[in-house]
Amino acid sequence: MYNIAIIGGDGIGQEVMSACEYLLDKIDIEFSFQYGEAGFDCYNKNGTTLPEKTIKIANKSDAVLFGASTSTPGEPSPIINLRKALNVYANIRPIKSYKGANCLRNDIDFVIVRENTEGLYSQVEYHDENKVIAERHITRSASERISKAAFNLCIKREESKVTCVHKSNVLKKTDGVFKESFYKVAEQYPQIKTEDYYVDAMAMYLITQPQNFDVIVSSNLFGDILSDESAGLIGGLGLAPSGNIGDHNGLFEPVHGSAPDIAGKHIANPCSMILSAAMMLDYLGEWEISNNIKDAVEKVIADCKIKTPDLGGNSCTMDVTKAISKELI
Ligand code: ATP
């Protein structure tokens, strides 16, 4: 039995999490779910976006499922702080073309490995009368650790190349260290090809030649922006799952946010949350059921009959979830 922390959060986070739980209830694995609160609604209730109790539940779990959180003015981001609290330093964001979705090309299949614990997401900002400063923290240890995660993932996916993305021509010191660390780690993986691009050029290459990438590694902010851009290549955020992996825990969440524009309408695409749960099962060693879920999602999208509005259909969240569940049986 697996002990799973469930944190639905805000907006569509709660809706896609309910869908995900419905699906997990149907598979032949026993889970014990422990529920935690986080986000804007949690702040209004408890005066904090991330209660200690939630961190404890997450820390004790075998893995965490997180929905989404809405930003709370003046308060730190609960998901950034939860990733830090669990030290889940590698944010793994697979991007893959699905037949039946509105993809730019049908041969896209790469993964973004984003450093999760530092960079511009340090949330250290201050000001004097005239100047506002945001600190960008880059350490050799975290840069080497994330590069290692990227090379190991390249081996696991049986692919041949890791691409490092940075802006070391302008951010000479911080991204200088990030790039240097990448090439230092690369020496331990001589069988894997390497390349590096400035983030602005990479933003263009993702549009003009996305089929040429296998594993892309970058710092926190660049990795975040490039993964939303990449989701656009394959039909939107409804199809973009992610896992945050550390040495002792894993936290799995869709790339999307709480989508206030569609929250409460029950039309959120549950696929990114369900695919995140499949990543969790893969992390837990349940490879067969993980692959079955991925195949079931693929079949439902390819079938084109039952789709949420973001993919051009008019079905609701639970219609899609039930269709995926039917494919599993
Ligand atoms: P937040 O402030 O919580 O990040 P946001 O609206 O800025 O919210 P997202 O939640 O990522 O950012 O949403 C961006 C856009 O993508 C919105 O138009 C939203 O409706 C759409 N979107 C995101 N996730 C989904 C989903 N699962 N299904 C359908 N549309 C989605």
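Side-chain atoms are counted along with the backbone in the values below, which use heavy atoms only and exclude waters and symmetry mates. Start at 1 and go down the list; that is how both ligands and their atoms are numbered.
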Q: Do Ile95 and Val255 sit in one hydrophobic cluster, given that two such residues count as connected whenever their side-chain heavy atoms are within less than 4.5 Å of each other, even indirectly?
A: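 Different hydrophobic clusters.
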Q: I need the atoms of ligand 1 closer than 4.0 Å to a non-hydrogen atom of Gly257, numbered in the order shown.
A: 3 (O), 4 (O), 9 (P), 10 (O), 11 (O)
Q: Heavy-atom distances under 4.0 Å are what count here, so tell me which part of Asn269 touches ligand 1: side chain, backbone, both or neither.
A: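 The part of Asn269 near ligand 1 is both the backbone and the side chain.
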Q: Would you please classify the geometry between the Tyr189 ring and the Phe151 ring as parallel, tilted or perpendicular, with 30° and 60° separating the classes?
A: parallel
Q: Can you report which non-hydrogen protein atom sits closest to atom 23 (C) of ligand 1, along with the distance?
A: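 Residue, atom and distance for the closest contact: His256 CB, 3.6 Å.
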Q: Strictly inside 4.0 angstrom of atom 7 (O) of ligand 1, do you find any protein heavy atom?
A: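 Given the 4.0 Å limit, the answer for atom 7 (O) of ligand 1 is no, no protein heavy atom qualifies.
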Q: May I ask you to list the atoms of ligand 1 that are less than 4.0 angstrom from any heavy atom of Ala268?
A: 28 (N)
Q: Is the closest N or O pair between Ser71 and ligand 1 shorter than 3.5 Å?
A: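 By distance alone, the answer is no.
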Q: Could you check atom 10 (O) of ligand 1 against the protein and tell me its nearest heavy-atom contact, residue, atom and distance included?
A: Ala259 N, 2.8 Å
Q: Report, in ascending order of atom number, the atoms of ligand 1 lying under 4.0 Å from any heavy atom of Ser69.
A: 3 (O)
Q: Considering only the protein, which heavy-atom contact is closest to atom 31 (C) of ligand 1, and what is its distance?
A: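 Result: Ile262 CD1, 4.0 Å.
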Q: What I want to know is whether Ser258 and ligand 1 share at least one N or O pair that is separated by under 3.5 angstrom.
A: yes
Q: Heavy-atom distances under 4.0 Å are what count here, so tell me which part of Ala68 touches ligand 1: side chain, backbone, both or neither.
A: neither
Q: Checking contacts now, so for atom 21 (C) of ligand 1, which I'm interested in, is there any protein heavy atom under 4.0 Å?
A: no
Q: Against heavy atoms of Ile12, which atoms of ligand 1 measure under 4.0 Å?
A: 24 (N), 25 (C), 26 (C), 27 (N)
Q: Please confirm whether Thr308 approaches ligand 1 to less than 4.0 Å, judged on its heavy atoms.
A: no
Q: Consider ligand 1: state whether an atom of it lies below 4.0 angstrom from any non-hydrogen atom of Pro260.
A: yes
Q: Nearest non-hydrogen contact with atom 16 (O) of ligand 1 belongs to which option: Asp228, Leu237, Val255?
A: Leu237
Q: Examine Val165 and Ile192 and state if one hydrophobic cluster contains both, with Ile, Leu, Val, Met, Phe, Trp and Tyr joined whenever side-chain heavy atoms are less than 4.5 Å apart.
A: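 Yes: a chain of side-chain contacts under 4.5 Å links Val165 to Ile192.
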Q: Would you say Gly236 touches ligand 1, if touching means a heavy atom closer than 4.0 Å?
A: no
Q: Checking Glu115 against Ser219: is there a side-chain donor and acceptor pair closer than 3.5 Å?
A: no
Q: Considering only non-hydrogen protein atoms, determine which one is nearest to atom 17 (C) of ligand 1 and report residue, atom name and distance to 0.1 Å.
A: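 Ranked first by proximity to atom 17 (C) of ligand 1 is Asp261 OD2, 3.4 Å.
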